Each structure stands twice: as C-alpha cells, then as structure tokens.
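Sharing a structure with you now.
Note that the coordinates shown come from a computational prediction; the quantities given were computed from them, not determined experimentally. Chain A is the first sequence line, chain B the second, and so forth, proteins listed ahead of strands; every chain is numbered from 1.
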Amino acid sequence: MYNELQPLMANPVCETTAQKKQQPQGPERPNSRQRFKEKLMQWVSYIAGDMAVFGEWMKGQFILLQILDWVLRGAAQVMFVNNPLSGLIIFAGLILQNRWWALNGFVGTLFATISALILGQNRGAIANGLYGYNGILVGLLMAVFSNAGDWYWWLLLPNIFMSMACPIVSSALASINSRWDLPVFTLPFNILVCLHMVATGHYNHHFPQVLFQPRKSMHNLTWSELEYSKLFCSIPVGIGQNIYFGLWGYNCVLACIAIGGMFYALTWQTHLLAVACAFFCAYLGSAIANVMSTFGLPACTWPFCLSALTFLLITTEIKNIHKLPLAKVTYPEKNLIYFWKMKKVERIDKQRKNQEKDVESQQKKEEIMAAMETKEHKRLDVCSVDVPQEETTQNGQDRNPEAIELNLTQL
Amino acid sequence: MYNELQPLMANPVCETTAQKKQQPQGPERPNSRQRFKEKLMQWVSYIAGDMAVFGEWMKGQFILLQILDWVLRGAAQVMFVNNPLSGLIIFAGLILQNRWWALNGFVGTLFATISALILGQNRGAIANGLYGYNGILVGLLMAVFSNAGDWYWWLLLPNIFMSMACPIVSSALASINSRWDLPVFTLPFNILVCLHMVATGHYNHHFPQVLFQPRKSMHNLTWSELEYSKLFCSIPVGIGQNIYFGLWGYNCVLACIAIGGMFYALTWQTHLLAVACAFFCAYLGSAIANVMSTFGLPACTWPFCLSALTFLLITTEIKNIHKLPLAKVTYPEKNLIYFWKMKKVERIDKQRKNQEKDVESQQKKEEIMAAMETKEHKRLDVCSVDVPQEETTQNGQDRNPEAIELNLTQL
Amino acid sequence: MYNELQPLMANPVCETTAQKKQQPQGPERPNSRQRFKEKLMQWVSYIAGDMAVFGEWMKGQFILLQILDWVLRGAAQVMFVNNPLSGLIIFAGLILQNRWWALNGFVGTLFATISALILGQNRGAIANGLYGYNGILVGLLMAVFSNAGDWYWWLLLPNIFMSMACPIVSSALASINSRWDLPVFTLPFNILVCLHMVATGHYNHHFPQVLFQPRKSMHNLTWSELEYSKLFCSIPVGIGQNIYFGLWGYNCVLACIAIGGMFYALTWQTHLLAVACAFFCAYLGSAIANVMSTFGLPACTWPFCLSALTFLLITTEIKNIHKLPLAKVTYPEKNLIYFWKMKKVERIDKQRKNQEKDVESQQKKEEIMAAMETKEHKRLDVCSVDVPQEETTQNGQDRNPEAIELNLTQL
C-alpha cells in the first residue's frame with residue numbers, strides 16, 4: 001500500500017500548484033523533457049486527489065450539472081475517495097454487472113443528495129459527496145437483497161423513501177459521533193437497509209427479501225479455514241468477489257483503509273494497527289453475520305463500522321499514532337503531508353525553545369561575569385554567586401526571548 | 001393540527017393574565033358581552049395549558065394532596081400534557097375499560113413518584129409529573145401483558161419494584177441524553193417492561209407473559225397495506241384503538257407531536273418534518289415488532305422513542321427548524337410564542353444594528369463635511385479624504401453607539 | 001459488609017504511616033505491648049490495601065518481575081482489589097480447581113498487559129492491573145466455555161488474540177465512558193468473549209463452544225424461587241459456587257461492591273442503593289441470560305456492568321450519595337476517608353463564612369449606632385425613615401440590604 005501511494009505523495013495537488021508559481025522565476029531554464037513532465041504532473045493533479053480545481057470550477061455551473069458531480073463523488077466516497085471520475089468508474093462497473101442494480105444505486109445517491117439539500121445540510125459536505133455514499137449503498141443493496149426479481153419497479157418507492165432518510169440518520173448520528181470527532185462511516189446505510197429488510201422480511205407479499213438463515217447444523221465453513229485461507233485472501237482480493245462474500249472482505253479492506261492512512265496519519269505504527277483492525281474486523285464479521293442471520297439479515301458493513309470506530313477511539317501515548325482532526329481529513333497523501341508539517345512545526349518550536357534556553361543561560365553567565373568584574377573594580381569581595389543570580393531573575397521578566405535571539409544572530 | 005391550535009394560540013395563559021391587568025385601566029368600558037368573554041377566557045386559562053396557577057396553589061397544600069396532583073400530571077405526561085385534569089380523564093377512561101389495569105397504572109405512577117422523592121430528584125420535575133409517566137406505563141402494560149389473568153394480586157410486587165426503578169433509569173438516561181439536550185421520553189418504561197417480560201417469559205410459573213411470536217409463515221399483513229390503509233389511518237385515529245395496535249399508531253402520533261410543536265417550534269418546515277417522522281416511525285415500528293417478537297416481546301414505544309430521538313438530533317442550517325432548549329419546553333402554544341419572541345428580539349437587534357450603522361455612516365459623512373467646511377474657512381486645500389477619516393476612527397473608540405441613538409431620537 | 005470494613009477503616013495505610021512519624025516525638029513512651037501492636041499494624045499496612053510501598057519498590061526491579069506484579073494485580077482487579085497477594089490467591093485457587101483454566105487465565109492476563117504496553121497505554125494504569133483483569137476473564141472463560149476439552153492447545157491462539165484486543169477495546173470504551181467519568185468495568189471482557197463465542201459457535205470444527213439453549217418449555221426455575229431462595233443466597237454466598245451459577249451471584253456481588261463503597265462513598269444511603277442495585281442486577285441477569293441464550297451465549301458479566309453503570313449515572317440532590325471522581329477511586333476505606341475529609345473541609349469553609357458574616361453584621365450594627373449617635377449630637381430631627389434610607393441607598397453598594405432591614409426594625 002505504501003508503495004502505491006509513493007508516486008502520488010511526491011506530487012500532491014497543493015504543492016504542485018505552489019511550486020508552479022515559483023519555478024518560472026528560477027534562473028535555470030527547464031528543457032523540453034522537464035517541461036513535458038511538469039505538464040503531465042499538472043494534468044495528473046487535475047484528475048487525481050479530490051479534483052479540487054474541477055470542484056471549484058463546478059460551483060459556477062448549472063445546478064443539475066453540479067448535482068451530477070455530487071452524485072458521482074458520493075458513489076466514490078464509499079471507498080473514501082472524493083473524485084467524480086472514480087464515481088463514474090463505479091457506475092460503469094455496476095452497469096456492466098446489472099443495469100437494474102445500477103439504476104437503483106443511482107436513484108439512491110440522487111435522492112439522498114436532494115434530501116440533504118432540502119434538509120439544509122452543509123453545502124460543502126454535500127458537494128464532497130458525504131451525503132451520497134449512504135444513498136448509493138441503500139439503493140444498491142435494497143435491489144440486491146430484494147427477492148422480487150429485477151425490474152420490479154415498485155421497489156423504487158421504498159428505495160426513494162430510505163434514500164431520503166439517509167441524511168436524517170446521517171445528521172443525527174453525526175451529532176453523537178462528532179463529540180468524539182468521529183465520522184459516521186456507513187452506519188446510516190446499515191441502519192436503514194436493516195430497517196427495511198426486517199420491516200418487510202422474507203414472507204412479505206410486496207417486498208420480499210432474500211432469506212439469510214442461521215447456521216444450525218455442521219457446516220463446512222470453520223473458524224480455522226476462515227482465519228487462514230479466507231481471511232488472508234479477502235484482505236487484498238476483497239473488492240473483486242461476488243457481492244455477498246465481497247462485502248465481507250470489503251469490510252476488512254475498508255477498515256484497513258480507514259485506520260491506515262485515512263483517519264490516522266500513515267506511519268509504520270498505524271500500519272500495524274490497520275492490519276490488527278482488519279483481523280479484528282474479520283472476527284467481528286463472522287460474529288455479526290451469525291447474530292444478524294437470527295433476524296434473517298445480512299452483516300452489511302456493520303463489521304467495518306464497528307471495528308473502525310473502536311480503533312479510532314483508542315487513546316495512546318505513542319506520538320506516531322496521530323488521529324487527524326475530522327475537519328482536516330482529505331485523502332491519505334494530503335493527511336500525511338499535514339502530519340509531517342505538524343511534526344516539523346513542533347520540531348522547530350522545540351529547537352527554538354532549546355536555543356532560547358541556551359541563550360538565556362549564556363546571558364546569565366555573561367551577566368554574572370560582568371557583575372563579578374564590576375565588583376572587582378570596586379574591590380569588593382564576591383563570596384557567593386547568590387547576589388548576581390537574584391539580579392538576573394529580576395530582569396528576566398521584561399526581557400523578550402526573541403529579542404535575545406536577534407541579539408545572538410547579530411553577534 | 002395547526003388549525004386546532006389556533007384558538008388556543010390566540011389566547012395563551014401568560015398573555016391573558018398580563019392583558020387582564022392592563023385592560024381595566026383603558027379609557028373604553030367593555031360591554032357585558034366582552035366582560036363575559038373575558039371571564040370565560042380567565043376560567044379557560046385556569047384549566048387549560050399547564051394549570052400553573054393551580055400548581056402554585058397546590059404548593060401550600062397537604063403532601064398527600066400534592067402527590068395526587070403529581071400522579072395525575074404524570075398520567076397526562078404520557079401525551080406530553082402537564083395537566084391534572086387530563087390525568088383524571090385518562091384514569092377515568094382506564095377505569096371504564098378495565099379496573100384492574102387502572103389500579104396497576106395508579107400503583108405504578110404512585111410508586112414511581114414516591115421513589116423519585118426518596119432518590120432526591122428535582123422537586124420541580126416531580127411536580128410536573130416527569131417521573132410519573134413512565135410509572136403509569138410500566139404498571140399498566142405489566143398488567144396488560146400478564147398472562148395470569150386480572151386481579152392476580154402478586155403482580156403488584158414486580159409492579160412496585162419496576163415502578164420504583166423508573167426514576168433510577170430515568171435519572172441515568174437523563175445523564176446521557178442531557179449531553180445532547182434530549183429528553184428521555186418513555187425509554188425507562190420500554191427498558192423496564194422489556195426487562196420484566198424477558199426475565200419472566202411466557203412459561204414462568206408465577207408471572208407468565210402473553211406470547212409474542214415471530215411471523216414465520218405467509219401472513220396477511222403486508223408492507224403495502226401497512227403503508228397505505230393502516231398507516232394513514234393510524235396517525236389521526238391512533239389513540240382510540242384497542243391497546244396493541246393502538247400502541248403502534250400511538251407511536252406515530254407521539255412522534256408526530258414530539259417533532260411538530262413540542263420540541264421543535266411549529267413552523268411549516270417542522271410540520272413536514274413531523275409527517276416524515278411519523279412515516280419513519282411506522283417503518284421502524286414494523287421492524288422493531290419483528291425483532292422484539294424473536295424474544296417474545298412487544299414493540300412497546302421503542303419506535304416512537306428512537307424515531308423522535310433521531311429527528312431531534314438533526315442539525316440543520318434552516319432557521320425555521322428551531323429546536324427549543326429542553327428547559328424551555330412547555331406546551332406547543334407556549335413554545336411557539338417563545339420562538340416568535342426570540343425571532344422578534346433577533347429582528348429588533350438586527351434593525352438596531354442596521355440603524356446604528358446608518359447613523360455612524362451618516363455621522364461620518366457629517367463630520368467629514370464639517371471638517372471640510374472648517375478647513376475651507378481656514379482656506380486650506382483638502383487634497384484627500386485620508387485626514388478626516390483618521391479623525392473619525394480616533395473618536396470612534398470612546399463613543400457609545402447607544403449614545404448616538406439617543407442623540408438621534410432627541411433631534 | 002460495613003462491619004467487615006470496620007477493622008481496616010480504623011487503621012488505614014496512609015494514616016498509619018502519618019501517625020508513625022508523629023508518635024515517636026510524643027513525650028509518653030509506649031510500652032512493649034503498644035510497640036508490638038504498632039509493629040503489627042505496620043506489617044499489615046505492607047500487605048493490605050493497595051500495597052503502595054511494595055509497588056513503589058517494584059519500580060526499581062527487573063521488567064519481568066514488574067510484569068509479574070502487574071499480572072497478579074490484574075487478576076485481583078476482577079474484584080476491584082489492587083493487591084498482588086490477592087492475585088496470587090486467585091491463581092492458587094484456579095490451579096487447585098483446573099490447571100488448564102489457570103494456564104489460560106495467566107496467558108490472558110500476561111498478553112493483555114503486554115498489549116497495553118505495546119499500545120502505549122498509561123503506565124500507572126498498567127501497573128495497577130487495570131489492563132489485566134479483562135485479560136484473565138477472557139482467557140479463563142474462553143477455556144471454560146470451550147467444548148473441545150481441556151489441554152486443547154490450539155485454543156491458546158484465539159486466547160492470545162482476544163487478550164491482546166482487550167486494551168484496544170478498553171481504551172476505546174474508556175474514551176466514551178470517561179465523558180461521564182465512568183469506569184469500563186468488565187465490558188471489554190463481555191464484548192470479546194461474546195465476540196469469540198458467536199463467531200465460532202457450537203458447531204465449529206476447530207473451536208466449538210458449549211451450547212447455551214433458550215428455555216422453550218416449562219422449566220423448574222421460576223421467578224419467585226429465583227427471587228426468594230436464590231437471590232438472597234446468591235448475594236452473600238455468590239463467590240463460592242460453581243462457575244456458571246457463580247457468575248450470576250457474582251454479578252450481584254460485584255454490582256453491590258461497585259455501588260456500596262467503591263465508586264460511591266459508603267454511607268447508609270449508598271448502602272441501600274447498593275442493595276437495590278443487587279436486586280436490579282438479579283432481575284437484569286435473568287433477562288440477559290434469556291436474551292443471550294437466543295444466540296447460544298452465556299450472560300457473562302453483562303448484568304453487573306449494565307446495572308452498575310445505570311446506578312453510577314444517577315444524579316441526585318442527596319449530598320450523602322457522593323460519587324467519587326474516577327481518578328480518586330482506590331479502595332472503599334480510602335474512598336471513605338477522602339469523602340470524610342472533603343466533608344470536613346466543606347464544614348470548616350461554611351463555619352468560616354458564617355463567622356465572617358457575623359463579624360460583618362456586627363460591624364454594620366456598630367456603624368449604624370455610631371452614625372445615629374453623631375446625628376443626635378448634631379441635633380437633627382429624623383422625621384421619617386426616608387432620609388436615612390436614601391443615605392443607605394447612596395452608600396448601598398457596600399452595604400448589605402439585611403443591615404437596612406435591621407435599621408428599620410430598630411426604629
């Protein structure tokens with residue numbers, strides 16, 4: 001994972017634009033190859049990351065076009081990606097697999113976004129797709145878990161109702177989670193899909209659901225197989241499976257992303273924590289699947305949500321496990337740069353303080369020496385160092401340490 | 001609903017008493033019809049609203065009489081009504097339907113109130129019946145769900161124990177909910193009745209419970225019927241049904257009341273929100289009934305509590321969705337007046353600020369003009385506006401905007 | 001319980017050491033019997049309470065020896081006891097009963113402590129065994145509930161994994177509970193053991209669990225028997241039973257300890273509260289056992305955790321129900337001394353304030369008298385009380401309105 005991030009980390013959007021302004025002023029002229037590389041990087045910066053430039057440009061466009069942007073970003077936010085192109089790829093993949101599912105997913109994202117607008121939610125959060133990702137999951141999974149077959153148009157009714165309930169549940173959960181500076185993840189989706197499924201059930205005439213039955217007899221799937229063959233596979237492969245087992249591995253992948261880089265700054269300590277979280281999530285996945293099947297429900301992404309929230313609530317004295325303030329979370333590379341900058345500032349602060357201390361102690365020594373000399377001139381015996389020490393502390397109050405530093409550089 | 005509230009809104013208790021003192025001092029003499037109307041309004045003010053005058057008078061009475069007042073208010077608080085007459089009507093209705101149930105309800109309210117007194121809870125909250133309403137529900141529903149038949153006197157033992165546990169659970173939940181300025185609603189009742197039922201169960205020798213079985217086969221009740229025929233009926237009719245289905249509709253009604261007027265000030269936006277909440281509550285009711293039946297339990301008022309709490313946790317940028325501070329919640333009409341007053345104060349504040357700005361800019365203009373005139377008298381060329389601008393800012397610090405306003409009114 | 005604590009309360013550790021320093025300075029010489037008693041007390045102080053002296057001495061020892069101390073303290077913390085000797089007794093008892101269980105318990109405590117060290121948790125909390133007690137319970141109960149028989153060595157794998165997850169879950173829960181200044185109790189153990197059991201289940205090939213089945217038919221255990229014969233027995237006897245029923249009584253005992261002396265200062269009011277909590281816990285135990293058996297799970301210590309947390313969340317106006325700040329909780333005797341000292345300080349403060357008030361009112365009286373005398377000398381008639389009243393109001397800023405009232409009554 002770390003290697004994958006390297007090429008992007010070297011050229012983050014914010015840095016590139018900053019460098020661009022400065023580079024032409026330099027004395028050396030870049031040759032054509034450098035220029036091409038630079039141009040390429042600029043183009044990459046337009047479509048990589050959170051496409052901030054595109055988002056800014058979008059603000060002046062027609063509202064329907066804006067909503068389309070928000071819907072696409074919403075679809076991508078399922079994977080913590082704030083990028084309309086990724087959303088486009090996700091929808092393209094869905095259309096290839098099942099057009100009915102894709103339609104339901106789109107309807108879900110659209111109505112969740114509209115509902116957030118009606119409810120007067122934060123416009124910035126809507127524009128980043130933070131109200132859409134629960135909508136796509138609700139729409140998609142309600143179609144997937146429906147037992148009425150594809151193109152059963154009545155399904156759009158509860159789909160729209162549940163999608164529109166997404167921002168309500170999101171906002172309510174955010175009120176609670178924000179007290180611990182935690183995101184809501186896909187909890188609204190989990191709550192609403194389970195709500196719909198348990199309210200209707202397998203035997204409902206109009207909206208029958210796929211039956212999830214608890215394991216009552218000896219079955220093939222054992223804990224050890226799960227642990228070794230499945231678990232290790234599921235973490236990297238996860239995304240590419242069929243939808244139900246996919247969701248399980250998907251849980252571990254999402255938990256891994258959330259801890260390793262997204263909400264913690266990526267260091268080797270948080271990398272280990274992310275792996276531990278993935279294992280914990282797999283364990284939790286098995287447990288939740290068993291409990292939920294008692295009510296005829298799938299595990300959804302409960303395992304991801306609960307394991308990620310647990311690992312984000314940890315407090316530790318290790319400085320390299322740094323939880324980013326929720327308002328500063330963007331994407332792993334930018335998060336890491338934020339963390340590095342913060343550490344740099346801290347280091348400089350510490351250095352300056354140490355320097356100041358050195359300067360002060362140096363000055364005290366000099367003062368003492370000067371005082372001793374003066375006293376010698378006056379031919380007074382200086383028995384102890386106590387007297388000049390008192391003087392320095394008296395003067396110490398109204399002296400600015402920065403002035404001292406300035407003094408030092410002049411010498 | 002809005003129309004129903006209109007007649008009361010026009011003559012709220014606090015306003016009526018205030019007007020009474022002022023009216024006789026007026027120059028015009030009211031004729032007999034006006035006098036009668038006035039008298040009537042005064043009498044209505046004594047028995048409508050929260051009967052604050054009666055409550056105040058009660059404070060000087062014998063303690064047993066006070067407790068009776070608190071018990072009656074507690075019974076009415078189930079419907080968010082703080083009025084002993086409503087409590088009397090509720091008990092009268094219960095006695096007509098089933099005297100055993102009424103007795104259990106009374107015992108529950110009484111012991112919950114006594115327990116709150118012993119536990120040193122806030123006397124004002126007890127006097128408003130806020131510790132009694134969970135008691136009446138616990139007592140009543142424990143009798144309703146008991147399978148041992150009426151007049152099984154041993155039932156009073158767990159009834160008293162659970163009623164006395166009500167203020168404990170209420171106080172504990174309030175410690176949590178108060179962090180989000182939320183009420184506890186009927187959560188203590190839900191917790192304690194479910195606790196009793198699941199601890200004893202259907203097959204208990206001494207305290208058998210009515211059996212709630214999960215729907216395993218094809219049944220008649222479908223989502224769509226539920227949605228259209230039942231749901232629309234249940235919202236207005238709700239209260240008047242038989243007790244179990246009544247509880248369901250009752251949930252929607254309570255959720256509707258809580259959102260539309262009780263804890264949000266009633267505007268057309270919150271009216272829509274209340275309707276959405278009622279639908280959400282109906283969905284939730286179906287889901288919770290299914291889940292609870294797995295444990296042989298009824299849905300109680302969980303759907304109401306959870307849906308109302310969810311909708312009260314929403315944060316929004318719409319100013320007309322105004323959640324009242326919990327300490328200010330009384331009854332919808334008074335809440336609305338509070339909201340209007342608050343808006344009026346805000347509007348006046350805004351106007352004053354605008355006026356002040358106008359006055360300031362006017363004064364600045366005048367000062368500039370004066371300065372220019374003075375300078376012309378002195379035959380000095382005024383090249384730029386910079387100099388007088390500096391003067392205004394210098395004087396600006398020690399001038400009070402209120403003094404300016406005073407100045408303005410004098411002119 | 002109160003009687004049991006009396007002998008210890010009279011000679012608390014901190015007081016004894018304080019007295020020791022003062023006593024030799026006294027003029028009277030202690031005889032040999034007094035000296036022996038003193039010596040004995042000193043020795044008791046070394047092994048009783050939290051063995052603070054031993055803990056301090058341990059800080060300079062080899063790390064492995066320190067960890068052993070922490071592990072033993074962790075084992076004792078299950079009963080809220082911070083004492084390595086108690087831990088030794090617990091392990092000795094376990095070895096006598098079942099060496100395999102004892103081994104699993106030891107492995108659990110050890111790895112939970114190590115994991116807390118790796119995770120950079122607070123060193124003081126680790127040294128007090130606060131990260132170990134969930135570990136011993138996880139290790140022990142995973143062995144007890146395993147259906148694979150004793151000495152099934154593979155069990156150590158999930159045992160170590162779950163023990164190491166203990167500090168993670170503890171830290172996460174502490175982040176939440178600390179907002180209400182509440183401890184996490186044994187919630188991490190409950191969560192993790194239930195997680196393991198429900199993830200594997202009865203039919204798992206590698207890690208089968210004991211089957212807990214819901215009561216479906218008429219059974220012998222009834223609520224009334226439970227209430228009278230079992231409940232009353234279980235509270236005092238609790239600890240000494242076989243493991244499953246033991247856990248139930250154990251829940252009540254733990255809840256009783258937590259409320260009566262550990263987290264509330266022990267007064268007769270909290271003593272009653274503790275008894276109420278034990279009953280509530282017994283009720284809750286029956287309910288939770290029924291619910292958990294639906295998922296094939298035991299009740300663990302959920303009843304204790306939930307009932308104790310509920311009773312600790314109560315807010316009351318009774319001053320003798322004093323919840324200790326979590327940072328000040330040590331052991332019941334020390335807690336009580338803390339509460340007494342706090343009350344003493346409050347009483348002294350109050351006395352001083354009253355004295356000051358008395359002095360002030362005395363001074364005011366004298367001033368008034370002096371002023372009246374002066375006025376008589378000047379032979380001015382005081383016709384009405386208005387004039388001096390005006391004077392007082394002019395001086396009113398530094399005069400107490402009560403003084404004015406005094407003035408009025410004197411005339």
**Complete:** Per-residue tally against chain C (heavy atom, under 4.5 Å) across A/Leu273, A/Ile321, A/Thr315 peaks at A/Thr315
**Request:** If the plane angle is over 60° it's perpendicular, under 30° parallel, otherwise tilted; pick one for C/Trp180 and A/Trp180.
**Result:** tilted
**Donor-acceptor contact below 3.5 Å, side chain C/Arg179 vs main chain A/Arg179** = yes
**Prompt:** Between atom CG of C/Leu173 and atom OG1 of A/Thr310, what is the distance when rounded to the nearest 0.5 Å?
**Reply:** 7.5 Å
**Complete:** Ranking C/Ala174, C/Ala165, C/Ser175 by heavy-atom pairs under 4.5 Å to chain A gives rank one to C/Ser175
**Fill in**
By residue number, those in residues 111-122 of chain C with heavy atoms under 4.5 Å from heavy atoms of chain A are C/Ile118, C/Leu119, C/Gly120, C/Gln121, C/Asn122
**Prompt:** With only heavy atoms counted, which part of C/Leu192 is less than 4.5 Å from chain A, the side chain, the backbone, both or neither?
**Reply:** side chain
**Item:** Distance (rounded to the nearest 0.5 Å) between C/Ile176 CD1 and A/Leu182 CG
**Value:** 8.0 Å
**Message:** Donor-acceptor check, side chain of A/Ser286 to backbone of C/Ala199, threshold 3.5 angstrom: yes or no?
**Reply:** yes
**Asked** What distance do C/Leu195 atom CG and A/Ile288 atom CD1 have between them, rounded to the nearest 0.5 Å?
**Response** 8.0 Å
**Request:** With a 4.5 angstrom heavy-atom cut-off, could you sort out which part of C/Met164 is near chain A: side chain, backbone, both or neither?
**Result:** neither
**Prompt:** Taking all atoms of both residues into account, what is the closest heavy-atom pair of A/Thr294 and C/Thr294, and its distance?
**Reply:** CG2-CG2, 4.4 Å
**Message:** Can you pull out every side chain to side chain donor-acceptor pair (under 3.5 Å) where at least one residue sits in residues 139-153 of chain C? Sequence neighbours excluded, please.
**Reply:** C/Asn98-C/Asp150
